[in-house]
Amino acid sequence: MTVEPTAPVAAEPTPSLPLTGERTVPGIPEENYWFQRHVVAYRFAAARSVGKRVVDSGSGEGYGTAMLGAVAASATGVELVETVAEHARRRYGSAEAVDFLTADICDTGLPTGETDVVVNLQVIEHLPDVGRFLGEQRRILRPGGELIVATPNRLTFTPHSHEPTNVFHVEEFSPVELVERLTDVGGFAVTRLLGLHHGARITAAEDATGRAFTDMVLQPVEEWPRWLHTLVRRIGPRDFVWSEDDLGDSLDLLAVCSA
């Protein structure tokens, strides 16, 4: 199924959130590669959320909650920072199925056992207490409900250290480490573990230059060659592939878990 980010629905244009490095936001051409890595994960989650009651734990700017709300019975984005949650309400909150709650994702205040799917994408690496977070998701999920978690793969994101180089990350995970945390600490059963890989167009650019694409886009933007600007602007979800193979070499990890 194809699910696109919902466009702003406010009567007046809603200003974009500042790009701080903590979250990605739509509408910034040079950020599009990283943004689309988030979109492809939300698409996967949306395909498992059709007609269900969904919570987007750590909803940030709100575009992902809007994607989920396009197919779900209801989609509630949970965001800690009130100014960010208010931005999401203004931009996406007029959709009937979409709502935003200002709360700690480790203590949401949501009812026990009434959520079908919890989506947590590119957030778990930011949390100082993963066990507390997982316990809260188990509480709000119905028996047999699903938790979908995506996070950067430590083996490729910070390959030479267990200490994250991203100042907003507390802890990053390898495939084995992520499964252990979800099962041993969270008490979930991991039913599927996938890795995100570049598709043919980005792989062709890597082959032609002999460089990893992530290294190229992490250069200062003013140093990008013209072809890179053009390619980054054109990247979409179809330029990435989920696979159960080669998890150690994947860009991001995605775990589907059963409560």
Side-chain angles (χ1 to χ4, degrees), residues 1-7 16 19 21-48 60-61 63-64 67 70 119 121-125 148-161 164-166 168-169 172-178 192-256:
M1 89 181 297
T2 299
V3 184
E4 299 291 351
T6 302
S16 295
L19 189 63
E22 185 175 13
R23 68 180 66 86
T24 187
V25 299
I28 301 177
E30 292 76 16
E31 176 74 3
N32 187 50
Y33 167 78
W34 303 103
F35 175 68
Q36 295 298 335
R37 277 175 59 166
H38 288 66
V39 169
V40 71
Y42 270 114
R43 282 193 172 203
F44 180 97
R48 303 183 72 90
E61 196 271 348
Y63 66 89
M67 291 175 66
V119 176
L121 305 183
Q122 306 291 345
V123 174
I124 195 170
E125 66 274 9
I148 302 173
V149 174
T151 188
N153 178 9
R154 179 181 63 77
L155 300 182
T156 56
F157 197 79
T158 312
H160 304 300
S161 174
T165 57
N166 186 314
F168 297 105
H169 291 184
E172 296 167 356
F173 306 92
S174 70
V176 171
E177 291 161 349
L178 180 61
R192 199 170 183 196
L193 184 65
L194 301 171
L196 189 69
H197 298 267
H198 289 145
R201 180 157 57 169
I202 299 177
T203 299
E206 293 179 311
D207 291 343
T209 60
R211 299 182 63 192
F213 199 78
T214 50
D215 291 342
M216 288 188 268
V217 295
L218 285 171
Q219 295 178 104
V221 172
E222 58 270 18
E223 296 179 10
W224 288 12
R226 182 176 297 180
W227 69 264
L228 184 57
H229 281 278
T230 301
L231 177 55
V232 168
R233 287 186 175 93
R234 292 177 177 174
I235 286 173
R238 292 182 178 85
D239 289 304
F240 301 93
V241 178
W242 292 109
S243 175
E244 295 178 337
D245 300 323
D246 300 322
L247 292 175
D249 293 328
S250 65
L251 304 162
D252 298 323
L253 303 168
L254 186 146
V256 179

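All of these numbers come straight from a predicted model, not from anything done at the bench.
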Does Phe240 form a ring pair (Phe, Tyr, Trp, His ring centres under 6.0 Å) with Phe44? I'd like the steps, not just the answer. CA-CA 12 Å; Phe240 301 93; Phe44 180 97; over 10 Å; no
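- Not one N or O on the side chain of Glu223 forms a donor-acceptor pair closer than 3.5 Å with the backbone of Pro220.
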Run the side chain to side chain contact (heavy atoms under 4.5 Å, CB included) check on Val40 and Trp242 step by step: do they pass? CA-CA 9 Å; Val40 71; Trp242 292 109; 3.8 Å; yes
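- Side-chain N or O atoms of Asp252 include none that pairs as donor or acceptor with a backbone N or O of Gly195 at under 3.5 Å.
- Within the 6.0 Å centre-distance limit, the rings of His198 and Tyr33 are counted as a close aromatic pair.
- Across Ile148 and Leu121, no two heavy atoms sit closer than the pair O-CD2, 4.0 Å.
- No donor-acceptor pair under 3.5 Å is formed between the side chain of Asp239 and the backbone N or O of Ile202.
- Checked by atom type and distance alone, the side chain of Glu206 pairs as donor or acceptor with a backbone atom of Phe213 at under 3.5 Å.
- Ion pairing between Arg154 and Glu125 fails under the 4.0 Å rule for side-chain N and carboxylate O.
- Between Phe157 and Thr151, the closest side-chain pair of non-hydrogen atoms is not below 4.5 Å.
- Note: His229 and Trp224 have tilted aromatic rings, judged against thresholds of 30 and 60 degrees for the angle between ring planes.
- No side-chain heavy atom of Pro26 sits under 4.5 Å from any side-chain heavy atom of Val39.
- Using modelled atom types, no side-chain atom of Arg192 and backbone atom of Glu244 make a donor-acceptor pair closer than 3.5 Å.
- The environment of Arg233 atom CZ is dense: over 12 non-hydrogen atoms of other residues, nucleotides or ligands sit within 6.0 angstrom.
- Using a distance-only test at 3.5 Å, with no hydrogens or angles considered, no donor-acceptor pair links the side chain of Asn153 to the main chain of Ser174.
- Listed for the Ser250 side chain is a donor-acceptor partner under 3.5 Å among the backbone atoms of Leu247.
- Minimum interatomic distance between Thr24 and Glu31 (heavy atoms only, all atoms of both residues): OG1-OE2, 2.8 Å.
- Atom CG of Asp249 is separated from atom CG of Leu155 by 8.5 Å, given to the nearest 0.5 angstrom.
- Considering every non-hydrogen atom in both His197 and Asp245, the closest pair reads NE2-O, 3.3 Å.
- Across all non-hydrogen atoms, the minimal contact from Ala255 to Leu193 is CB-CD1, 3.9 Å.
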